[in-house]
Protein chains: 2
Amino acid sequence: MSLPHAILTALLEKPSSGLELTRRFDRSIGYFWSATHQQIYRELGRLEADGLIRALPAEQPARGQKKSYEVLPAGRAELARWTAASQDPKPQRDALLLRLRAAAVVGTAGLQSDLRRHLELHGKQLAEYRAIEERDFPPGEDAPHKRLQHLVLRAGIDLETFWTQWLTHALAEFEALGDDTLA
Amino acid sequence: MSLPHAILTALLEKPSSGLELTRRFDRSIGYFWSATHQQIYRELGRLEADGLIRALPAEQPARGQKKSYEVLPAGRAELARWTAASQDPKPQRDALLLRLRAAAVVGTAGLQSDLRRHLELHGKQLAEYRAIEERDFPPGEDAPHKRLQHLVLRAGIDLETFWTQWLTHALAEFEALGDDTLA
DNA sequence: GCGCTCATGTAATGAGTTACATGATTGA
DNA sequence: TCAATCATGTAACTCATTACATGAGCGC
């Protein structure tokens, strides 16, 4: 039940059309809550039906025509309620760790190259986060909403840092073990 | 498409019934791939229909009767294929970070106590992982499958360490901001 | 027999993914 | 006018979650 709230947040930051939202999910918001345009359109329809958002007038609502939405007071209230509500952390799901555990049983053949690929991807993501940090969060900033946003970015940076370090360590272990242990 | 492979791995480690698998998912395997008993029974049915596992004879297969499964050669082959196949990392999804971003817009009221709760939960998980490490991975161990298992556990420990550190940092920021900024 | 736990399931719903469809706009 | 791109959607399917159902065995 988080996608509608992700959309409400995005629309509060700036009223947008479905495609604009999709692009923003591909960038900043999608860093910790991804969504496809199909999900977004479906959810926009529901949110409008529930009276939490409304289409901005001005544009005619026809297929192929841009249609922008803004958040209504009921939507803001629902987002505030959800933000404050206690929620349990979702149990982890990580396919790569699962594959490592499987490899302990059926052999490590083929895994090493994918570990390298993941290391590269996480390294890129880390670099991207760091660039955003340098651009958007100069030292000495202290507006509350800025500090909260920085906190979120920090989590992204630290997570990617963890992955690059762990993958580097894992690859070193693989070097020591050889490429097809237990096969 | 990871649940069937998680089950194959678990069954290769030790043939089990549905409920035994459920318990093992609650413990070790579920640390990075959780599943409920309903998912597990459904998936066991599919895996059996696909000829990747089979029910051990000996026990009669009636409702309320224990039914154990073992992996067939085709199942082991499928697991090896999946382990070696290249897979993209799944985009992150974290509701807590989303809530922080929402809080930057609608206010931080109520969030602080949930951050504390999460910190406590992650602290407990970290302690549990460390206990497992001490119990199952004494220094100087070097059997390949042991080293792979240790690598996976290390990822869990480092991830929980990241969360406890980040949450501690976040709470310090909240102290500095006051409990209901921007409300 | 009654309540409890063990063990295996079914049903309904919701969330996410993949593939495809359709109209509008723009530039060659 | 044709192709490409922008923009909004539908449909079908898989995966996950929640709630409930059913039978077996055991202790009292």
Side-chain angles (χ1 to χ4, degrees), chain A residues 1-8 10-11 15-26 29-30 32-50 53-56 58-69 82 87-95 98, chain B residues 1-8 10-11 15-26 29-30 32-50 53-56 58-69 82 87-95 98:
Chain A
M1 283 292 297
S2 297
L3 179 57
H5 302 98
I7 291 178
L8 286 172
L11 287 181
S16 306
S17 69
L19 194 65
E20 283 162 1
L21 278 177
T22 303
R23 294 205 208 295
R24 292 172 61 200
F25 268 79
D26 285 344
I29 296 181
F32 43 92
W33 205 276
S34 64
T36 63
H37 79 274
Q38 293 90 338
Q39 281 177 278
I40 288 169
Y41 283 117
R42 195 193 326 154
E43 208 58 49
L44 282 172
R46 281 184 207 162
L47 287 167
E48 190 178 23
D50 291 349
I53 64 174
R54 67 162 184 178
L56 285 175
E59 319 282 345
Q60 67 280 36
R63 206 180 177 112
Q65 291 297 312
K66 206 180 278 193
K67 196 163 78 172
S68 283
Y69 293 91
W82 177 80
Q87 292 174 39
D88 285 329
K90 272 224 169 179
Q92 272 293 317
R93 289 241 167 108
D94 190 285
L98 193 58
Chain B
M1 284 294 296
S2 296
L3 178 56
H5 303 97
I7 292 177
L8 286 173
L11 286 181
S16 306
S17 69
L19 195 65
E20 283 163 0
L21 278 177
T22 302
R23 295 205 206 295
R24 292 172 61 197
F25 269 78
D26 285 344
I29 296 180
F32 44 92
W33 204 275
S34 64
T36 62
H37 79 275
Q38 293 90 338
Q39 280 178 279
I40 289 169
Y41 283 118
R42 193 193 328 147
E43 208 58 48
L44 282 172
R46 281 185 206 161
L47 287 167
E48 190 177 23
D50 292 350
I53 63 174
R54 66 161 183 179
L56 287 175
E59 320 281 344
Q60 67 280 39
R63 208 183 175 109
Q65 292 296 313
K66 207 180 277 192
K67 198 163 78 174
S68 283
Y69 293 90
W82 177 80
Q87 292 174 38
D88 285 329
K90 271 222 168 182
Q92 271 294 316
R93 290 242 165 109
D94 190 285
L98 193 59

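As the structure is a prediction and not an experimental result, all values here were calculated from the model. Just so it is clear: chains get the letters A, B, ... in the order the sequence lines come, proteins before strands, and each one is counted from 1.
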Could you state the [atom1]-[atom2] distance from [X] to [N], rounded to the nearest angstrom?
X	N	atom1	atom2	answer
A/Arg93	D/dA16	CZ	C1'	7 Å
A/Ile7	C/dA15	CD1	P	12 Å
A/Glu20	D/dA7	CD	P	7 Å
B/Glu43	D/dT14	CD	P	12 Å
B/Asp88	C/dT18	CG	P	11 Å
B/Gln39	C/dG16	CD	P	14 Å
B/His37	D/dT22	NE2	C1'	12 Å
B/Leu47	C/dT8	CG	P	15 Å

Taking the nucleotide of DNA chain C with the closest heavy atom to each, which residue, B/Lys90 or B/Tyr69, is nearer the 5' end?
B/Tyr69
Applying ring pair (Phe, Tyr, Trp, His ring centres under 6.0 Å), can you list everything that pairs with B/Trp33, at least two apart in sequence or on another chain?
none
Please tell me which of the listed nucleotides, [options], lies nearest to the side chain of [X]?
X	options	value
B/Leu19	C/dC6, C/dT17, D/dC20	C/dC6
A/Arg42	C/dG16, D/dT8, C/dG9	C/dG16
B/Trp33	D/dT17, D/dA16, D/dG9	D/dA16

Pairing residues for B/Arg93 by the salt bridge (Lys or Arg N to Asp or Glu O under 4.0 Å) criterion, not counting sequence neighbours:
none
Under 4.0 Å between a Lys/Arg side-chain N and an Asp/Glu carboxylate O for B/Glu43 and B/Arg46?
yes
Measuring from B/Thr36:OG1 to B/Tyr41:OH, what's the distance to the nearest 0.5 Å?
11.0 Å
Just how far is it from atom CZ of B/Arg23 to atom OG of B/Ser16, taken to the nearest 0.5 Å?
11.5 Å
Have a look at B/Ser17 and say if it touches a base, only the backbone sugar-phosphate, or nothing, with a 4.0 Å heavy-atom cut-off.
sugar-phosphate
Return the 5'-most residue of the pair B/Gln38, B/Arg46 with respect to DNA chain D, ranking by each residue's nearest nucleotide.
B/Arg46
So does A/Arg23 get a side-chain nitrogen or oxygen closer than 4.0 Å to the phosphate oxygens (OP1/OP2) of D/dA7?
yes
OP1 or OP2 of C/dG9 versus the side-chain N and O atoms of B/Tyr41: is any pair under 4.0 Å?
no
